[in-house]
Amino acid sequence: MTTPYHSQYFAHELTKRLASDNAEKLSQSLLSATVDLNPHQIDAALFAFRSPLSRGAVLADEVGLGKTIEAGLILSQIWAERKRRSLCIVPASLRKQWSRELLEKFHIPSEILESKSYMAYRKQHDSNPFEQEGQVLICSYQFARSKIQDVQVVPWDLVILDEAHRIRNVYKKSNKIAREIRDGILPCPKVLLTATPLQNSLMELYGLISFVDPHLFGDEDSFRSQFAPRPGAATTVQLQDLRSRIRPVCQRTLRRQVMEYVPYTNRISVTQDFTPTTDEAQLYEAVSNYLQKDELLALPTGQRQLITLILRKILASSSFAITATLGKLIDRLEGVKSDIEAVQSDDMTHVVAGDFEITDELQEEWKSDTEDDSSGRSVDPETQKHLLSTIKGEIAELKSYKELADSIVVNAKGEALLGGLKVGFKKADELGSPRKVLIFTESRRTQTYLKSLLEENGYARQVVTVNGTNTAPESKQIYTEWLKRHEGEDCITGSPTADSRAALVEHFRDHASVMIATESAAEGVNLQFCNVVVNYDLPWNPQRIEQRIGRCHRYGQKFDVIVINFLNRKNEADQRVFELLDQKFRLFDGVFGASDEVLGALESGVDFERRILEIHQRCRTTEEIKNAFDDLQKELEDEIANRMEQARTTLMEHFDEEVHEKLRIRQQETEKHVSRYERWLWQLVKTELMDVADFDDDNHRFRLTHRLPGMNESIPLGTYGLVIHKDGHSEHHAQHHLRFDAPLVTFAVEAAKQRKLAACEMTFDHSNHPFKVSLAEKHTGRSGWFRVSHISVTALEEEQHLVLSGLDDSGNSLPSEECAALFSVPGKSGQAVAVPDTVITQLDQQFEVEQRRLIAANDERNLRYFADEEEKLDRWAEDLKEALERELKEIAADIRAIKKESRIAATLDLKLTLQKQVKAAEKKQSEKRKRLFDAQDEVDKKRDRLIAETQSRLKQSISVRHLFTIKWGVV
């Protein structure tokens with residue numbers, strides 16, 4: 001059996017602080033994560049912890065390799081270390097996905113901060129919402145920029161920036177969002193995630209690196225002159241030098257390098273054509289022409305672009321979606337006839353948000369520094385009279401469109417869907433995959449129409465819908481049944497939004513064959529059990545399409561994924577959009593979908609979306625549409641071609657063989673460490689909870705029947721199961737995951753650590769142990785003493801060690817690993833004993849030897865960290881000084897050129913003029929030289945100050961506690 005001595009030893013092993021470069025560092029966080037272990041992700045997370053002096057990292061794995069998991073591991077580890085001030089700055093469309101993945105995969109709570117939640121917190125607590133602790137905070141880039149004064153007062157433990165290619169042009173003065181965010185979080189540790197760190201210029205790499213560590217290079221001018229004097233001019237020697245300088249900050253793994261660990265299936269594209277009816281075509285043409293008008297009173301001036309985009313998407317979705325929206329526009333105009341100013345300035349996102357659920361996200365994404373705001377403008381009587389007349393005409397026009405829309409009862413695209421489903425199910429049958437189809441639509445009203453259509457055509461009781469509210473009676477019933485079925489289990493988060501979505505996904509997996517999802521509802525949902533994706537409405541943003549398909553085409557998918565798209569053969573613009581998405585972005589075919597080179601050609605998908613809308617709004621003939629799309633295609637081809645492939649390969653990629661070997665070793669190390677930590681955790685809880693739980697060792701489960709004194713009521717009773725990470729999950733379902741950070745584990749660990757243990761006899765029983773432990777077996781029939789001590793060394797960071805000092809009865813020293821091996825077999829504690837002085841002396845001597853070794857290792861490691869930091873700061877200072885000297889050289893060259901021209905001057909006047917220029921340049925040279933010396937002195941002072949700050953952190957502080965002593969014997 002395991003003794004309290006075993007338990008205390010395991011508790012300290014499980015919770016000790018490890019050095020940044022220790023391969024075991026992530027073991028605590030991995031015990032809490034319900035996620036498969038892929039070695040490249042663990043390697044990336046460890047890379048981010050590589051030095052206590054590090055200011056952060058750029059994790060730049062190719063698309064599809066799980067950079068979010070890498071960031072989650074990093075967050076989980078600092079969470080386990082009780083560092084609870086973390087901020088994730090992500091695209092607005094990914095906020096919910098980040099929140100969900102942190103909770104589901106790492107059990108880390110989070111709060112999305114946007115205007116409503118920010119104001120609610122302010123009102124309730126009268127304090128800065130970014131200062132709340134106990135959960136990771138998530139916000140968009142736009143929101144972080146708008147609240148940067150609140151952000152910058154928080155001493156963040158970590159800031160993560162996802163899709164960080166959005167800020168790679170931070171060095172440009174025009175990129176206000178990136179520059180303000182950079183300055184606001186400058187002193188904080190940062191992790192930047194991007195698949196495209198380098199697209200068009202080496203200056204983009206400078207932008208990302210300066211975001212992480214402003215002292216890795218000099219200023220923008222010095223970097224440009226060294227590495228990027230002009231596009232494509234960097235030599236191989238320069239690129240190799242640049243590679244060595246960014247290597248401590250950037251980590252990149254390619255998909256081909258991890259195929260051994262991360263298998264991928266293929267994407268198969270299916271196009272379903274349809275031809276709108278005459279009435280549908282007439283409705284589309286009429287509303288489209290209406291939206292192209294220069295003056296529209298139904299749409300506020302400041303939101304004209306945004307609302308036009310949404311109306312065009314609703315129009316393309318279904319006649320049922322647009323008819324209700326037209327009615328809302330009519331109601332709005334009729335309701336504001338008496339207030340002309342209001343109709344021009346009101347926020348009308350609420351008019352469309354009920355149907356088009358991602359309106360708020362789009363509004364945030366589309367915000368710009370130059371956004372027009374017409375609020376507060378006065379309207380003179382004459383203008384008011386004109387506008388009133390215009391409103392009446394606009395109402396009549398909208399009513400005629402609504403009347404036409406109401407008359408349409410059959411949608412050609414809906415009828416085509418019935419054929420598309422047959423194709424999808426047939427291909428699923430051919431692949432041997434489950435008969436499951438996921439349909440995406442951008443409109444809630446279209447979702448309702450499609451559900452009715454399918455149920456009337458052979459799919460009764462086979463359809464489930466999921467959207468932003470999930471308030472339909474059927475959805476509520478599914479949710480209620482799910483709550484009853486999983487009562488008392490960890491899968492119930494307490495969030496009705498998250499839990500109702502989980503219930504609907506489970507219903508789709510177990511009972512339904514078709515799920516119809518809106519855009520926002522599917523964010524972060526994993527549907528690997530489904531392999532047919534239908535884009536009933538096709539977004540214009542390529543990244544949104546990639547996210548949709550990624551719900552099914554992701555790690556864990558066992559079958560090829562069929563992607564069905566609908567193509568309107570009467571709409572030239574729709575055909576060209578699909579052509580770009582299919583042929584240029586390569587979204588629908590292949591193993592990986594859109595490549596990072598292609599997606600990286602855009603600053604964001606919003607840029608592409610804006611261009612498509614601009615074409616729709618500007619072009620009125622088929623020829624104009626064709627020419628506009630030809631121009632856009634040419635621009636995209638130029639962007640994609642100018643991707644600096646050779647430079648990126650030289651700078652950021654490693655030989656495949658080198659990566660394969662590193663990942664192979666990383667996987668072996670991780671499996672060994674995590675397996676040991678899991679064993680320790682299991683034995684610890686068995687010892688501490690033996691009186692209140694029934695244990696099933698074979699399945700690593702136990703049932704907690706009642707609580708021990710001191711246990712908090714928040715610790716639930718019921719079945720707990722250990723997540724076995726060699727498989728990524730536990731095969732045997734339990735109500736609760738036995739996570740390292742679970743309250744029950746925290747209670748057990750603290751109980752074991754705080755227990756006072758007297759020296760005693762202990763017999764370790766190797767003969768009845770089911771596994772051979774060679775280091776313990778060799779001592780069978782022998783006895784002796786050993787002591788477990790806890791030592792903490794604090795300098796640049798705190799690291800903790802357990803020192804096991806031992807000897808046998810012959811007085812021979814026992815290596816630490818042999819003492820530790822004894823805890824791998826059961827033991828039985830006996831009576832208390834007194835430790836002889838001679839034994840104490842020998843154990844002290846052993847401990848002092850080990851303590852000196854640990855301190856020396858800490859010194860050596862810190863010296864290496866300091867040397868790297870010193871070299872970095874030296875090179876930073878040299879960069880700046882060389883840039884200053886380069887200016888002097890340029891002036892000297894100018895003087896030589898003017899003197900040469902003066903010598904061959906044809907006239908006296910010209911010669912005198914040139915001599916004046918020489919004197920002016922020499923005066924400028926003299927002043928510049930003086931400023932150079934002053935500037936160089938200032939650079940050296942700043943360098944010395946930074947180094948002194950680092951040196952001050954090198955002073956060691958050491959604390960020692962002797963935990964317990966055992967007189968051991970092995971049988």
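What you are looking at is a predicted structure, and each value in this text was computed from that prediction instead of being measured.
- Taking 4.5 Å as the limit, every side-chain heavy atom of Val463 sits out of range of all side-chain heavy atoms of Leu450.
- Atom-to-atom distance recorded for Phe356:CZ and Ile307:CD1 is 10.0 Å, nearest 0.5 angstrom.
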Given the rule in the side-chain contact (heavy atoms from CB on, under 4.5 Å) test, do Phe440 and Arg544 qualify, once you have shown the distances and angles that lead to the verdict?
CA-CA 11 Å; Phe440 280 103; Arg544 284 199 182 277; over 6 Å; no

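- Among residues at least two apart or in separate chains, salt bridge (Lys or Arg N to Asp or Glu O under 4.0 Å) pairs with a member in residues 532-542 are Lys413-Asp537.
- Listed by first and then second residue, the ring-ring contact (aromatic ring centres under 6.0 Å, His included) pairs involving residues 451-479 amount to none (not counting sequence neighbours).
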Pair Lys484-Glu481, salt bridge (charged side-chain N to carboxylate O under 4.0 Å, His left out): steps then yes or no:
CA-CA 5 Å; Lys484 291 178 181 176; Glu481 292 172 354; over 6 Å; no

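- With hydrogens and angles disregarded, no donor-acceptor distance shorter than 3.5 Å links the side chain of Thr323 to the backbone of Phe320.
- Among residues two or more places apart in sequence or in another chain, the ring-ring contact (aromatic ring centres under 6.0 Å, His included) test is passed with Phe629 by none.
- Between Leu311 and Leu329, some side-chain heavy-atom pair lies under the 4.5 Å cut-off.
- Inter-residue side-chain proximity for Arg444 and Thr469 is flagged as met; some heavy-atom pair is nearer than 4.5 Å.
- At a threshold of 4.5 Å between non-hydrogen side-chain atoms, the residues Val351 and Asp331 do not count as touching.
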Verdict with supporting geometry, Asp355 and Arg445, salt bridge (charged side-chain N to carboxylate O under 4.0 Å, His left out)
CA-CA 6 Å; Asp355 183 41; Arg445 296 189 186 98; 3.4 Å; yes

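- If you take SG on Cys88 and CD1 on Ile112, they are separated by 10.5 Å, rounding to the nearest 0.5 Å.
- In this structure, Glu519 and Arg548 have side chains that are in contact, with non-hydrogen atoms separated by less than 4.5 Å.
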Apply the test side-chain hydrogen bond (donor to acceptor under 3.5 Å, both in side chains) to residues Asp273 and Thr271: give CA-CA distance (whole Å), side-chain angles for both, the deciding distance (0.1 Å), then the verdict.
CA-CA 6 Å; Asp273 293 354; Thr271 304; 5.8 Å; no

The test is side-chain contact (heavy atoms from CB on, under 4.5 Å); show your working for Gln617 and Gln305 and say whether it passes.
CA-CA 10 Å; Gln617 288 297 95; Gln305 267 198 317; over 6 Å; no

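- Here the side chains of Phe529 and Leu527 are in contact, with some heavy-atom distance below 4.5 Å.
- To the nearest 0.5 Å, atom OG1 of residue Thr441 and atom CG of residue Leu538 are 11.5 Å apart.
- Contact record, Ile562 with Ala428: CD1-N, 4.2 Å, taken as the closest heavy-atom pair.
- Taken from NE2 in His616 to CD1 in Ile612, the straight-line distance is 6.5 Å, to the nearest 0.5 Å.
- Taking the ring-ring contact (aromatic ring centres under 6.0 Å, His included) definition, one finds that Phe425 meets it with nothing, sequence neighbours left out.
- Residue pairs satisfying the salt bridge (Lys or Arg N to Asp or Glu O under 4.0 Å) criterion with at least one member in residues 309-329, sequence neighbours excluded, are listed as follows: Lys313-Glu442.
- Within the structure, salt bridge (Lys or Arg N to Asp or Glu O under 4.0 Å) contacts touching residues 460-476 (residues at least two apart or in different chains) are Lys451-Glu474.
- Looking only at side-chain heavy atoms (C-beta outward), Val533 and Arg551 stay at 4.5 Å or farther from each other.
- Between Thr518 and Gly468, the closest heavy-atom pair is OG1-N, 4.0 Å.
- Taken from NZ in Lys436 to OG in Ser513, the straight-line distance is 6.5 Å, to the nearest 0.5 Å.
- Heavy-atom neighbours of Glu403 CD from other residues, nucleotides or ligands within 6.0 Å: at or below the threshold of 12.
- A pairwise comparison of heavy atoms in Thr465 and Ser475 identifies O-OG, 3.9 Å as the closest pair.
- Looking at heavy atoms from C-beta onward, Tyr449 lies out of side-chain contact with Ile516 at the 4.5 angstrom threshold.
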Derivation and outcome, side-chain hydrogen bond (donor to acceptor under 3.5 Å, both in side chains), residues Glu285 and Ser288:
CA-CA 5 Å; Glu285 191 72 18; Ser288 183; over 6 Å; no

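- At most 12 non-hydrogen atoms from other residues, nucleotides or ligands lie less than 6.0 angstrom from NZ of Lys427.
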Apply the test side-chain contact (heavy atoms from CB on, under 4.5 Å) to residues Leu417 and Phe566: give CA-CA distance (whole Å), side-chain angles for both, the deciding distance (0.1 Å), then the verdict.
CA-CA 8 Å; Leu417 173 64; Phe566 290 85; 3.7 Å; yes

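- For CD of Glu487, the number of neighbouring non-hydrogen atoms (other residues, nucleotides, ligands) closer than 6.0 Å is 12 at most.
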Under the criterion side-chain contact (heavy atoms from CB on, under 4.5 Å), I'd like the reasoning laid out for Glu415 against Phe274: C-alpha separation, chi angles, the key distance, then a yes or no.
CA-CA 9 Å; Glu415 298 301 309; Phe274 71 96; over 6 Å; no

